[in-house]
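FYI, side chains are in, hydrogens and waters are out, and symmetry mates aren't considered; it's all heavy atoms of this structure.
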Amino acid sequence: MMARDPDLKKDLDATVQARKELGAEYESELIDSFLEKVEHRIEQKLDASADRQVRRHLAERRMEAARGGGREGAAGTGSFGERFGFAAVSLVLAVPLSAIGAVNAHLPGLLVTWAGIVGVNAVHAAGGLPWGAGDRRRGGERD
């Protein structure tokens, strides 16, 4: 059972008193006025409830984002800085790795080196390996 609204009770009492004073000819206008007040109160309560739900939902999403969650959705998610940094580091490391591969194994060594660089970047762009996804969501904790 809902708690009673004292302001609404006062409005009802005032409407009943006005009905007694004005007579039956104003009854429908008085009832319509009172019902408009009731509808307005209901709308206010619904708006407040919806506002609380929206705020709760946003707070939950912020907490999930702060904890590092939400990566299980689309492939290649992550901030621009993370993706750009990974690409920059992989290109910087590609230079000495290419030199080492080319000096030691000539063209096949260079091809294997670049295949490894492309593979690492492809796995990163795809969102990681399937068996490592759970670790990343939990913040890297291991049992």
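- Residue Val16 is grouped with residue Val38 when hydrophobic side chains (ILVMFWY) are merged at heavy-atom distances under 4.5 angstrom, including chains of intermediate members.
- The neighbour count for Arg61 CZ, taken as heavy atoms of other residues, nucleotides or ligands under 6.0 Å away, does not exceed 12.
- If you take CG on Asp51 and CZ on Arg55, they are separated by 4.0 Å, rounding to the nearest 0.5 Å.
- One finds the CG atom of Leu30 at 11.0 Å from the CG atom of Leu35 (value rounded to the nearest 0.5 Å).
- Closest approach of Val120 to Phe86, counting heavy atoms only: CG1-CZ, 3.6 Å.
- Residues Lys37 and Arg41 are not in side-chain contact: their nearest non-hydrogen atoms beyond the backbone lie 4.5 Å or more apart.
- Pairs engaging residues 90-111 under the side-chain hydrogen bond (donor to acceptor under 3.5 Å, both in side chains) rule: Ser90-Asn121, Ser98-Trp114 [sequence neighbours left out].
- The side chain to side chain contact (heavy atoms under 4.5 Å, CB included) test with Leu97 singles out one residue from Leu110, Val112, Thr113, Val92, and that residue is Thr113.
- In terms of modelled atom types and a separation under 3.5 Å, the side chain of Thr15 and the main chain of Asp11 share a donor-acceptor contact.
- From Glu29, atom CD reaches atom CG of Leu22 across 9.5 Å, with rounding to the nearest 0.5 Å.
- Note that CG of Leu12 and CD of Gln17 are 11.5 Å apart. Values are rounded to the nearest 0.5 Å.
- With 3.5 Å as the limit, one finds a donor-acceptor pair spanning the side chains of Gln44 and His40.
- Note that NZ of Lys20 and CD of Glu27 are 12.5 Å apart. Values are rounded to the nearest 0.5 Å.
- To the nearest 0.5 Å, the span separating CD1 on Ile42 from NZ on Lys45 amounts to 9.0 Å.
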